[in-house]
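For reference, the structure discussed in these notes is given below.
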4 protein chains.
Amino acid sequence: MSPKPPATPRKQPKQERSQVTVEAILSATAHILTENGYNQLTTNRVAERAGVSIGSLYQYFPNKEALIFALAEQHANEMVQLAKQHLEGLSDRTIPEVLRQIIKAALAAHAVNPKLHRVLHEQIPHSEVMKRLDQAKIENLLQSFLAQRSDQLRPKNLELAVFMVERTIRALIYGAMIDHPELLKTGELEQELTLMLSAYLVKS
Amino acid sequence: MSPKPPATPRKQPKQERSQVTVEAILSATAHILTENGYNQLTTNRVAERAGVSIGSLYQYFPNKEALIFALAEQHANEMVQLAKQHLEGLSDRTIPEVLRQIIKAALAAHAVNPKLHRVLHEQIPHSEVMKRLDQAKIENLLQSFLAQRSDQLRPKNLELAVFMVERTIRALIYGAMIDHPELLKTGELEQELTLMLSAYLVKS
Amino acid sequence: MSPKPPATPRKQPKQERSQVTVEAILSATAHILTENGYNQLTTNRVAERAGVSIGSLYQYFPNKEALIFALAEQHANEMVQLAKQHLEGLSDRTIPEVLRQIIKAALAAHAVNPKLHRVLHEQIPHSEVMKRLDQAKIENLLQSFLAQRSDQLRPKNLELAVFMVERTIRALIYGAMIDHPELLKTGELEQELTLMLSAYLVKS
Amino acid sequence: MSPKPPATPRKQPKQERSQVTVEAILSATAHILTENGYNQLTTNRVAERAGVSIGSLYQYFPNKEALIFALAEQHANEMVQLAKQHLEGLSDRTIPEVLRQIIKAALAAHAVNPKLHRVLHEQIPHSEVMKRLDQAKIENLLQSFLAQRSDQLRPKNLELAVFMVERTIRALIYGAMIDHPELLKTGELEQELTLMLSAYLVKS
DNA sequence: AATGAATGAGGCTTCATTCAT
DNA sequence: AATGAATGAAGCCTCATTCAT
């Protein structure tokens with residue numbers, strides 16, 4: 001049906017010249033996506049904005065989908081990398097402290113490129129594919145954090161708890177970004193989220 | 001290039017005898033969407049499956065977007081209607097009781113046509129429009145329910161609380177539908193959600 | 001690998017209007033093929049010459065290959081039809097007489113549209129496909145003619161004889177058309193072919 | 001649009017040390033042609049398989065056509081060379097003996113690389129050029145053989161006889177290769193061809 | 001001489017939409 | 001009101017060929 005043939009891998013940029021080309025293409029993709037939307041994203045337009053011939057684009061990306069996939073991956077990596085910076089030295093903290101830190105990390109991650117993040121989630125057809133990208137990785141982190149403190153944990157089902165927490169954090173941060181940006185600036189969201197999830201997780 | 005013509009359905013499909021035709025078209029749209037995905041949704045194909053000429057389709061829907069818009073609206077209405085059935089006679093209940101009932105209502109609503117729901121959320125190039133559809137309406141309900149019990153409420157900011165609760169319910173139900181359907185069958189999700197949100201809302 | 005997906009059957013022209021369109025398209029295809037060659041045969045060019053939009057072309061022909069296939073079939077049918085006209089009332093003739101008549105029939109058939117015939121055989125990639133078209137049919141005719149006179153026949157293996165005769169006739173007529181057209185006008189080819197094949201077939 | 005540049009290989013590939021490169025390229029061309037077909041034959045792919053940069057390919061072959069032309073020529077030369085080995089010491093033989101030997105020679109020649117032979121004939125957009133390749137050369141041989149025995153010859157027109165014989169041999173061997181390979185193994189084709197052409201050529 | 005990144009004309013095809021009947 | 005043939009802008013992508021290094 002839909003998820004195209006695994007996107008024939010193309011030439012990996014080896015020379016530095018081609019690395020520049022690839023960067024320009026991804027950058028142009030992001031720009032058009034955020035400024036003009038998915039409808040306007042055509043391979044020719046990307047190439048044009050990247051200052052590259054359409055042929056070059058297809059040397060590195062087998063099709064339009066691959067373009068978006070690569071961009072999403074890059075974005076996800078940036079998010080994860082930033083998040084990790086916020087998650088160091090948490091070994092001996094309590095659950096509320098850890099939670100707050102994780103929420104802070106998620107907030108930071110979502111601040112990487114909000115416009116792009118939104119477009120990627122709202123306008124891309126096979127969003128299922130890419131949601132996995134930024135998911136899983138954080139779920140694992142969360143899982144191990146909570147597992148280490150299972151004695152303080154109220155929910156017996158660890159996996160379920162991870163699901164609840166992870167989705168809630170993501171949904172509320174994303175929702176706030178779109179509809180209530182003021183909650184981000186004032187720190188209210190961070191506060192409420194911490195409260196809500198702490199109350200949920202910790203034995204009363 | 002040229003910014004599309006206003007696109008939003010100017011004229012609601014006439015509600016006369018031709019109602020049958022309109023139904024057939026929307027039904028065909030839903031079928032193709034759920035079975036074949038947005039990529040395969042072409043106006044000609046819709047018309048063919050609806051057993052209607054392409055010309056007739058355009059008599060009732062000014063363009064493709066209007067087709068999807070109407071379908072989304074229909075779907076949202078069905079969801080809201082079903083939800084309301086679950087929300088009667090709650091005037092003298094406590095917050096946890098109300099919450100559980102609201103969650104049950106939301107679960108029922110999401111069970112209306114999960115496949116369609118998913119496709120509508122994942123594959124449609126969100127034209128800003130459709131999210132509003134199933135949102136707002138429930139938020140109002142929630143707002144009034146909580147306002148009536150503001151004395152039992154821990155969060156001072158009512159609007160913020162509504163936001164938190166509404167998004168959390170939606171995100172977790174949707175997430176469970178996609179990734180953990182077992183949580184819906186066992187009632188675990190309902191239980192955990194009630195716990196989490198009660199703990200958040202009620203004064204300790 | 002090559003032989004494309006069975007060329008999704010498209011709309012069969014039902015109204016007379018569309019019949020005209022299909023004719024125009026095939027005619028344009030033949031014209032471009034004979035005058036400009038296969039290299040110049042592009043779907044857009046065909047549509048343009050046919051005075052038809054490219055969209056219309058694709059309503060009746062799923063791809064470029066189908067265009068050529070249809071044209072070849074049409075051509076083959078014309079050839080067979082003409083050949084049959086030359087092959088009536090041969091029931092009580094001797095082998096040489098029958099042979100000469102068959103050769104005459106083949107000559108007539110090849111005179112239908114020699115230019116097109118040549119292009120179809122020389123320039124079309126998957127010529128194997130279409131050679132079958134004008135073959136088989138004649139082989140059957142030949143087979144039955146010879147079977148009826150098996151007592152006068154020298155070769156014991158009938159199928160082999162049919163193969164020898166059919167291919168020889170085709171090759172020489174085609175070869176003469178391309179390289180020695182004078183042999184066709186003077187009747188020399190007909191004469192020599194009859195001699196050669198009679199000598200081969202008839203018991204000495 | 002603009003009629004191609006002269007296209008025929010201006011410079012024969014230098015016959016020095018770079019002979020190895022040229023061989024690799026032609027070999028790769030043949031391999032792709034026989035295994036994947038003309039559709040898959042791209043200059044980049046040839047270069048890759050030859051283990052040579054695309055730039056190098058164009059150093060030895062001015063364009064794609066030249067590549068095929070050279071390959072066809074090579075193939076034709078191999079065929080002719082092999083045929084000649086079968087045609088020595090025939091000076092004092094009778095026509096049937098000579099004929100059989102010529103047929104044997106042709107059979108041997110066609111066995112050189114049947115797959116390539118077929119592809120070259122079926123899938124290459126005959127640019128008029130290549131047919132001549134394997135033709136002419138044999139016709140001359142045949143012409144001289146028959147001229148030496150013109151007293152035993154029935155047909156008065158020598159050139160016509162050569163045409164008849166040469167085309168018949170070629171068509172039947174090729175046809176058998178494609179559609180009746182068993183005739184080649186059993187020797188039946190050789191036998192029948194000798195019979196048919198002897199009967200045609202020799203005074204009764 | 002070799003490399004391989006880059007080019008870009010142009011081919012094939014789709015599909016939302018129009019309009020003559 | 002309905003039909004469905006026709007439209008054509010525009011998208012995706014290939015591949016022979018060039019050229020800077």
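Predicted, not measured: the structure shown is a model, and the values here were computed from it.
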Report yes if a side-chain nitrogen or oxygen of [X] is closer than 4.0 Å to either non-bridging phosphate oxygen (OP1 or OP2) of [N]; otherwise report no.
{"X": "Gln59(A)", "N": "dA6(E)", "answer": "no"}
{"X": "Thr42(B)", "N": "dC15(E)", "answer": "no"}
{"X": "Tyr58(A)", "N": "dC13(F)", "answer": "yes"}

Using a heavy-atom cut-off of under 4.0 Å over every strand shown, decide if [X] touches base, sugar-phosphate, or nothing.
{"X": "Leu57(B)", "value": "nothing"}
{"X": "Ser56(A)", "value": "base"}
{"X": "Thr43(B)", "value": "base"}

Original post:
Between the main-chain N or O of Ile25(A) and the side-chain N or O of Thr29(A), is there a donor-acceptor pair closer than 3.5 Å?
Top reply: yes

**OP:** Give a yes or no on whether the backbone of Ala30(C) and the side-chain of Thr34(C) come within a donor-acceptor separation of less than 3.5 Å.
**Re:** yes

Report the distance from atom [atom1] of [X] to atom [atom2] of [N], rounded to the nearest whole Å.
{"X": "Leu41(A)", "N": "dA10(F)", "atom1": "CG", "atom2": "C1'", "answer": "14 Å"}
{"X": "Arg49(D)", "N": "dG4(E)", "atom1": "CZ", "atom2": "C1'", "answer": "20 Å"}
{"X": "Gln40(A)", "N": "dC12(F)", "atom1": "CD", "atom2": "P", "answer": "12 Å"}
{"X": "Ile54(C)", "N": "dA16(E)", "atom1": "CD1", "atom2": "P", "answer": "18 Å"}
{"X": "Asn44(A)", "N": "dT14(F)", "atom1": "CG", "atom2": "P", "answer": "13 Å"}
{"X": "Gln19(A)", "N": "dG4(E)", "atom1": "CD", "atom2": "P", "answer": "17 Å"}
{"X": "Tyr60(B)", "N": "dA2(F)", "atom1": "OH", "atom2": "C1'", "answer": "9 Å"}
{"X": "Phe61(C)", "N": "dT14(E)", "atom1": "CZ", "atom2": "P", "answer": "15 Å"}

**OP:** Specify the residue among Gly55(D) and Gly55(C) whose closest nucleotide of DNA chain E lies further upstream toward the 5′ end.
**Re:** Gly55(D)

Subject >> Identified pairing partner of dT7(E), criterion: Watson-Crick or G-U wobble below 3.5 Å >> reply: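 The answer is dA16(F), by the H-bond criterion.
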
Subject >> Partner nucleotide, any strand, of dT21(F) [Watson-Crick/G-U, under 3.5 Å] >> reply: dA2(E)

Subject >> pair Asn63(D)-Thr43(D): side-chain heavy atoms closer than 4.5 Å >> reply: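 Side chain of Asn63(D) against side chain of Thr43(D), heavy atoms only: no contact under 4.5 Å found.
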
Original post:
Does some side-chain heavy atom of Leu71(B) sit less than 4.5 Å from a side-chain heavy atom of Leu116(B)?
Top reply: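 Leu116(B) reaches Leu71(B) side chain to side chain.
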
Subject >> Residue Ser53(D), side-chain atoms from C-beta onward, closest of dA2(E), dT13(E), dT17(E) >> reply: dA2(E)

Subject >> Ring-face cation of Lys64(B) near Tyr38(B) (centre distance under 6.0 Å, axis angle within 45°) >> reply: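 Yes, a cation-pi geometry holds between Lys64(B) and Tyr38(B).
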
